[in-house]
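Note that the structure is a prediction, hence the values are computed from the model and not measured. Per chain, numbering begins at 1; letters A, B, ... match sequence-line order.
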There are 2 protein chains.
Amino acid sequence: MSEDGIRILLVDDHPIVRAGLAALINGHGDMRVVAEAQDMDSALRAVACHRPDIVLMDLNLGAAEHSGAEITAAIRDKPSRVLVLTTYQTESDILRALDAGASGYLLKDAPAEELFAAIRATARGETVLSPAIASTLVRRSSRPGPTVTEREVEVLELLARGLGNKELAKEMLVSEGTVKAHLAHIYTKLGVDTRAGAVAAAIERRIIRPT
Amino acid sequence: MSEDGIRILLVDDHPIVRAGLAALINGHGDMRVVAEAQDMDSALRAVACHRPDIVLMDLNLGAAEHSGAEITAAIRDKPSRVLVLTTYQTESDILRALDAGASGYLLKDAPAEELFAAIRATARGETVLSPAIASTLVRRSSRPGPTVTEREVEVLELLARGLGNKELAKEMLVSEGTVKAHLAHIYTKLGVDTRAGAVAAAIERRIIRPT
DNA sequence: TTCGGCATCATCCGATCGGCCAATCTTTGC
DNA sequence: GCAAAGATTGGCCGATCGGATGATGCCGAA
């Protein structure tokens, strides 16, 4: 890795963004884009084929079936390290990605220099988080206020897809009463009183991400 | 403009994406990024100050108050031409931008070459649309299926914000009965039977955009 | 001009939702 | 081991929602 710099695999579904990032990265002597992928399947193949040091992955993969966290998990045991680059900072996304084994989580809001620093740090084996991300996580753990449960996030995500209580119950394999209990908790925690309002508030607070 | 190539103003709220696009564009001899802006206000100032030939604008400006179409309208009478570069292709966004006077509408899904071609074409005074965009517009006009009304789109957008029927009525300055009528029409057109489902379907069909 | 689409409004009724109360069971942590 | 928190379920009731139906006015196309 040291002779030709940090070898990077770019994963993003937007060719234009990909080309931009590649141009940006290749302008630096100590790192190089060795492959690109536009979806999860080709990303997996590229990892196996090119053995990059770092997978720079845009989690905002449009209407992807794979949750992005999935792929991170699939790559985790390979020698490559995954650096997630995304637009959103929903609690569920961050936690899911980190749980899956991502070595870093960066927001596109960050300045370009931060990206390079993050790439180098990740290559050194360190774990990198955007300041905004870090503060989100800190806020999460040290907030006296209401914290939505994992299960409640599930409910919110299904809610955003327009399911009714019966459907919610069937989907989550619980009774309708349980669903209503979760909903009641969510309502009080978010300070709303309708399902639609809950979805709006959840999106507002970046608890879930709009479909 | 001809001595130093096409002068471009980049507008995008993500520094990383901006840096990537700048690196990409500046790699071409016949075009150059002369200024960058991360929000609408600084974009307007930059237009007045640098007089770019083209404003390459990312409409996907996070939680922007300004609709993006607004700014396009504000720039329109200046000598600069606006080329919109975005992720989404909702009917309302496209039509709004074109109505506002954008000279082009490109999806990030497009290959990078298409971006350069679009920049050059826009500089020549032509109007450019992504193939996907064009087909969306064509589909819109030649589709036998259900077409949601302007008013119904309004309802859908408010619906996505979690309002109840009473609130809907107050917001739209009509009676609750009218709201329910609109809802009924929307349900049959989208093939759903709940407000949440309608929101999901509307987002799915790119009629509205998740907030 | 006539027909159809759109927006507007109203009423009735069954289904669903949201609020309130109470209970059991598992996990987590002190 | 015990307390706290989360997940689970049940029932009751008023409020809201969704479906069906009908009616009016406006405007553009045939």
Q.
For nucleotides 7-13 of chain D, give me one character per nucleotide, 5' to 3': B if any protein heavy atom sits under 4.0 Å from the base, S if the only such contacts are to the sugar-phosphate, - if neither.
A. SSBS---
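In this structure, CG of A:L163 is placed 14 Å from P of C:dT16, rounded to the nearest angstrom. In this structure, A:L183 places its CG atom 12 Å from C1' of C:dT16, rounding to the nearest Å. Atoms CG (A:D193) and C1' (D:dG14) sit 14 Å apart, rounded to a whole Å.
Overall, the helix from C:dT1-D:dA30 to C:dC30-D:dG1 carries an axis bend of 50° between its ends, with five pairs at each end and the value rounded to 10°.
No donor-acceptor pair under 3.5 Å is formed between the side chain of B:E171 and the backbone N or O of B:L168. Side-chain atoms of A:E157 do not come within 3.5 Å of backbone N or O of A:E154 as any donor-acceptor pair. Here the side chain of B:Y187 pairs a donor or acceptor atom with the backbone of B:R195 at under 3.5 angstrom.
At D:dG19, none of the side-chain N or O atoms of B:Y187 fall inside 4.0 Å of OP1 or OP2 (strictly under the cut-off). OP1 or OP2 of C:dC17 sits under 4.0 Å from a side-chain N or O of A:N165.
In summary, of the residues considered (B:L56, B:D12, B:D58), a side-chain contact (heavy atoms from CB on, under 4.5 Å) with B:R18 occurs for B:D12 alone.
Scanning both residues, B:S103 and B:T122, for their nearest heavy atoms gives CB-CG2, 3.8 Å.
Note on B:E126 versus B:R120: no salt bridge recorded, every NZ/NE/NH1/NH2 to OD/OE distance being 4.0 Å or above.
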